[in-house]
Trainee: 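For reference, the structure I am asking about is given below.
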Amino acid sequence: MPDGTPRLKPHTLRDAAALVEAGLAPAAELPALQALQQVYAIALTPAVQALIDRADPADPIARQYVPDPAELVTLPRERSDPTSDAPFTPVKGVVHRYPDRALLKPLLACPVYCRFCFRREVVGPDGGLLSEPELEAALDWFARTPQVREAILTGGDPLMLSPRRLGHILARLSSIPHLDIIRLHTRVPVAAPERVTAELADTLAATDKALFLCVHANHAREFSAGARTALTRLRRAGVALLGQSVLLRGVNDSAEALAALFRAMLAAQVKPYYLHQLDRAPGTARFEVPIAEGRAILRALRGSLTGLAWPAYVLDLPGGAGKAPLGPDFARTEGADWLVEGPLDGVAQRHPG
Ligand SMILES: *Cc1c(COP(=O)(O)O)cnc(C)c1O
Ligand code: SF4
């Protein structure tokens, strides 16, 4: 680049034309992707773009974020609200399904838009920021619902809020005596680590409640130098770090890929919490890994990988019945005995009672 030419600052790619121009989608797909962008939001941050290996047509980072014309096809088994948030919404922005905890969704914007997102019908860049009165009503709901001990900030992505607005929410929640835990679910540390500023860390450090932050990441490479710096900053602010992942075809559907992902999490002091079976949201079929295969992959990891890495493999049942563990199980009954398989030798031992 000649001297004096202004360098273009890397920016978030938000539509089909930008993806084609960046060489991330073939020009032949432009019309289909333009139809798609009317339905589902697109965003690839500079951090995510930097992780993509353009020489690899099956790149596991690109696969998570670059739209595909296949998304225009909805299978009969796919649902627009697969986890049934809507029927469990006592006030706008709150989802209360379990007795002791509830979600607070202050906004529906995310740093990136994952192609397999279970809330893809509602998330988007200009979607769902609660108005001041709506937010106050949601916070009041927490204040007058004493059986709820944990507030889970999700969305969208709560770290897309300004530190000031997030600080206000945390302060209000912190003043509610019956709340013990505040949890945040976020993609920001891996997808937009530059948002994890000292100001954000100070905002999080200000609460006296037990604070857990659950990072959504699906591939080891998402733990870039920038992501690790962001996570270190959060950890030093006193935030306990958990990891959640979705089992995804072509992204992490092998024992090697999952082992690398969990090791990358643990190296960043992130404890793998959940491995989610894909929720059947519209147009996501290309990501589905059958449950039997998921169980077999995890079975292969038990014993060979530090126990710290072991997540709960769960399915969020359609209809709102909750997240159910899917195994794998190492124990079964035979009469009054248990047959328990050794993770290291694969041999079942009889264990009476
Ligand atoms: C997933 C979810 C939670 C959190 O469940 P945990 O098992 O505690 O992680 C809480 N409320 C709703 C509505 C959920 O979907
Ligand atoms: S970050 Fe989460 S809520 Fe946002 S698009 Fe991805 S999966 Fe959906």
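Counting convention: from 1, in listed order, for ligands and their atoms alike.
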Trainee: Under 6.0 Å from the ring centre and within 45 degrees of the ring axis: does the NZ or CZ of R286 meet both conditions for the six-membered ring of F116?
Mentor: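 Judged by the rule (NZ or CZ under 6.0 Å from the ring centre, within 45° of its axis), R286 is not positioned above F116.
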
Trainee: Flag the pair R302 and E341 as a salt bridge only when some basic side-chain nitrogen lies within less than 4.0 angstrom of an acidic carboxylate oxygen.
Mentor: no

Trainee: Could you tell me whether R101 and D180 make a salt bridge, using a distance below 4.0 angstrom between a side-chain N and a carboxylate O?
Mentor: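 No, R101 and D180 are not salt-bridged.
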
Trainee: With a 3.5 Å cut-off and no angle check, do the side chains of Q64 and H219 form a donor-acceptor pair?
Mentor: no

Trainee: Less than 4.0 Å between a side-chain N and a carboxylate O, is that true for R195 and D157?
Mentor: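 Not counted as a salt bridge, because no side-chain N and carboxylate O are separated by less than 4.0 Å.
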
Trainee: Does a side-chain N-to-carboxylate-O contact under 4.0 Å join R295 and D329?
Mentor: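 Answer for the salt bridge query: yes.
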
Trainee: Go through L179 and V148 one step at a time and tell me if the side-chain contact (heavy atoms from CB on, under 4.5 Å) criterion holds.
Mentor: CA-CA 7 Å; L179 284 180; V148 166; 4.1 Å; yes

Trainee: Mind listing the protein N/O/S atoms less than 2.8 Å away from atom 6 (Fe) of ligand 2? Waters don't count.
Mentor: C114 SG

Trainee: In a simple table, one pair per line, please give the protein and ligand 1 atom names for every N or O pair closer than 3.5 Å, along with the distance.
Mentor:
from: ligand 1; atom 1: 7 (O); to: R101; atom 2: NH2; distance (Å): 3.4
from: ligand 1; atom 1: 7 (O); to: Y274; atom 2: OH; distance (Å): 2.5
from: ligand 1; atom 1: 8 (O); to: R101; atom 2: NE; distance (Å): 2.6
from: ligand 1; atom 1: 8 (O); to: R101; atom 2: NH2; distance (Å): 3.4
from: ligand 1; atom 1: 8 (O); to: R183; atom 2: NH2; distance (Å): 2.8
from: ligand 1; atom 1: 9 (O); to: R183; atom 2: NH1; distance (Å): 2.9
from: ligand 1; atom 1: 9 (O); to: R183; atom 2: NH2; distance (Å): 3.2
from: ligand 1; atom 1: 9 (O); to: Y273; atom 2: OH; distance (Å): 2.6
from: ligand 1; atom 1: 15 (O); to: R97; atom 2: NH2; distance (Å): 2.9
from: ligand 1; atom 1: 15 (O); to: K323; atom 2: NZ; distance (Å): 3.1

Trainee: Would you mind checking if K105 and D85 are paired as a salt bridge, meaning a charged N to carboxylate O distance below 4.0 Å?
Mentor: yes

Trainee: Salt bridge check: are R165 and E132 linked by an N-O gap of less than 4.0 Å?
Mentor: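 So R165 pairs with E132 through a salt bridge.
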
